[in-house]
Number of protein chains: 2
Amino acid sequence: MQKVTLKDIADRAGVHVSTVSRALDPSSAYRVNAQTVNEIRRIADEMGYRPDVIARGYRKGSTATFGVVVPDLGNPGWAPILRGIENNLESRGLMAIITETQDDDQRLSRVIEHLMSRRVDALIVTAARDDHVPILEAAADRVPVVLAVRCPARTRLPHVVFDDVEGGRMVGEHLLSLGHRRIGQLPGPTDVTHFVDRSQGFTSAIRLGGGVVVEAKDTARRPTIAEGARIMRMMIESDEELPTAVFAHNDLMAFGAIGALRDAGLDCPGDFHAVGYDDTPMAAFSKPSLTSVRHPSYEIGRIAADYAVMLLDNPEFEPTPLKFPPSLTPRASTGEQDSDAGLSDD
Amino acid sequence: MQKVTLKDIADRAGVHVSTVSRALDPSSAYRVNAQTVNEIRRIADEMGYRPDVIARGYRKGSTATFGVVVPDLGNPGWAPILRGIENNLESRGLMAIITETQDDDQRLSRVIEHLMSRRVDALIVTAARDDHVPILEAAADRVPVVLAVRCPARTRLPHVVFDDVEGGRMVGEHLLSLGHRRIGQLPGPTDVTHFVDRSQGFTSAIRLGGGVVVEAKDTARRPTIAEGARIMRMMIESDEELPTAVFAHNDLMAFGAIGALRDAGLDCPGDFHAVGYDDTPMAAFSKPSLTSVRHPSYEIGRIAADYAVMLLDNPEFEPTPLKFPPSLTPRASTGEQDSDAGLSDD
DNA sequence: CTGTTAGCGCCTTCAA
DNA sequence: TTGAAGGCGCTAACAG
């Protein structure tokens, strides 16, 4: 099964390549003798012909391939978003190729450049940070670029995000309603808008409710378990009085923080409460199960892909920036009785 | 910044495209007047020229792009393996494009076909199941294919895997040494060799030690938290006497199983012990922390990429099939005293 | 040192 | 209904 080209088929069928090309393209097969079409299709099948999408792209000006950039495949929270994208594109005969920045700022421009020079038709980026705007807007001059989940503060690029201000607010109100007044916050990287939003919604809710936010001594460089543990440890080791509850900007950091507090002899939910964000599958299964904020991940991926496709079809299209509302699931880490563990698979 | 081509630069510099091509290629710039080279490079920079890797690929017969296929990006265990691949390739100026089968058997052939028609130079597949052999071997006729982690029983394809028989054995001996004699097993999909291997190593160790393996009533259809919980629940609800410890074929399933047992009022490690596999970052941070088997993930990715590159350079090269030894980390889920939680980031 | 030519695989005029 | 020719962006072989 070496590479089979149109020419190989043409030779075998005794016709010209362009005839083969036409016969194999449903939209122009009608211009070829029906018998010839059948014959050619048979031969193509037999020889295991696979169109060279890329070569085709040269003529058509497209490669039927979308580039997707995520920050960190070690965070399972991206999986449903990616599936929303993959499944949407696949149903249209398009393909998503996924790349990872490893949450390394520098890497984004390299990754984008690679994807562009591989002639992707469009870009869906979930790893954007504030200083990436120039790179992204430059790319947007050539192909549609849609930002998802993470969207820098000031950019004209089309985007779909979660309402993280609202999510932060929900966390704040939940903790206030449980009687907490002194509440710690473990922030994710500050150049990622959705972390800033979570912080803002949370902080203003707490202030409004007459509470005090105890800020971590440092910001997580990356939103990982290890970093969550590290900055929690810093808070523990400081002289300041410990808060009675902590809000970590994502589940991974929350797991890390709970671990660090446990190492310090403190029990959750006995001695303190904790809340995460993202509602990863582990949240329902960890001990204690973790109160977390859930957002429609699959859906945001699906819509991001929709937008990218529509932009490709019509560059004039101006996608409405969307903001998906989150919801909070109280669990054992904030004193909720554990019912059955969640069983869904996404 | 619309697309800039060699021709644009040539026009501006008043030379022929091929001169530009040579000037921009370090390996042939020596054949061009040094002044011209500088001038051309300056113009190229100024215009923001980006080579079209794909077009270049047509002449060179390669695209500097490797396809990588993983089963499930919802499992964070794949991340370090992917990084081993990505970082290795990146250091050579190659790019990894990642695709996911979503652990869906059918999807693999479609994904491979997509990648092939995008003219990837090589394929690294970590999602292989037994019945994929024909597809994979067909692909291998055209480009180097390296299997990593998952490798069907009978295939001539180059592969690098973990020694899962040994890992299973270690789990068995660990549990025996703790005094367990009746031990449950929650198996992953049986058409994935490494799960079969884990089972085999484990079962023979237990038998050798005079123990009894209690098999789950069903096999996990996919190695996920939800499936782990499901088959654990089936074991609980059966009439059979419960084992005193369970071995789940990966961490996710173990978390699910511990959750299911907790729902049934049983405490780990008080009432039963549990062991996972993969040593995902959560294992150290969950409560109880999870005894698990660790394998050199980053390393296997790195080597898989090495092999693929070497095969590309020299199709005659016959990579030694490698089997990386695992190691077991005892934690609270088998009664170990928790020390500091693990802090590494990978 | 530089320009010309040809062609990777495909599709789309244009002409027959 | 079919063939011939041109070109997408790039590079290698061949002239000069």
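By convention in this document, chain letters (A, B, ...) are assigned in the order of the sequence lines, proteins followed by strands, and residues within each chain are numbered from 1.
Here D121(A) does not pair with R118(B) in a salt bridge; the nearest charged N to carboxylate O distance is not below 4.0 Å. Using a cut-off of 4.0 Å between Lys/Arg side-chain N and Asp/Glu carboxylate O, D103(B) and R150(B) are scored as salt-bridged.
Taking 4.5 Å as the limit, some side-chain heavy atom of D105(B) sits within range of a side-chain heavy atom of D191(B). With a 4.5 Å cut-off on side-chain heavy atoms, L6(A) and L24(A) count as touching. By the 4.5 Å heavy-atom criterion applied to side chains, L311(A) and F317(A) are counted as neighbours.
T126(B) places no side-chain N or O within 3.5 Å of a backbone atom of A148(B) that could act as its donor or acceptor partner. With hydrogens and angles ignored, the 3.5 Å screen pairs a side-chain donor or acceptor of T99(B) with a backbone N or O of V68(B).
Among residues two or more places apart in sequence or in another chain, the side-chain hydrogen bond (donor to acceptor under 3.5 Å, both in side chains) test is passed with R302(B) by E299(B).
Contacts between residues 13-41 of chain B and DNA chain D, defined by a heavy-atom separation under 4.0 Å, are made by S18(B), S21(B), R22(B).
If you measure from atom CD1 of I54(A) to atom C1' of dC10(D), you get 15 Å, rounded to the nearest angstrom. Atom NZ in K60(B) sits roughly 7 Å away from atom C1' in dT11(D) (whole-Å rounding).
Between the axis at the start and the axis at the end of the helix from dC1(C)-dG16(D) to dA16(C)-dT1(D) there is an angle of 50°, using five pairs per end and rounding to 10 degrees.
Regarding contacts with the backbone of dG9(D), every side-chain N or O of R56(B) stays at 4.0 angstrom or more from both OP1 and OP2.
Taking 4.0 Å as the cutoff to heavy atoms of chain B, we find the contact window on DNA chain C bounded by dC1(C) to dG9(C).
Identified under the side-chain hydrogen bond (donor to acceptor under 3.5 Å, both in side chains) test for residues 15-27 of chain B, with sequence neighbours left out: H16(B)-S18(B), D25(B)-S27(B). Applying the side-chain hydrogen bond (donor to acceptor under 3.5 Å, both in side chains) test to every pair with at least one member in residues 304-319 of chain A, sequence neighbours left out, gives these pairs: N88(A)-D306(A), R92(A)-D306(A).
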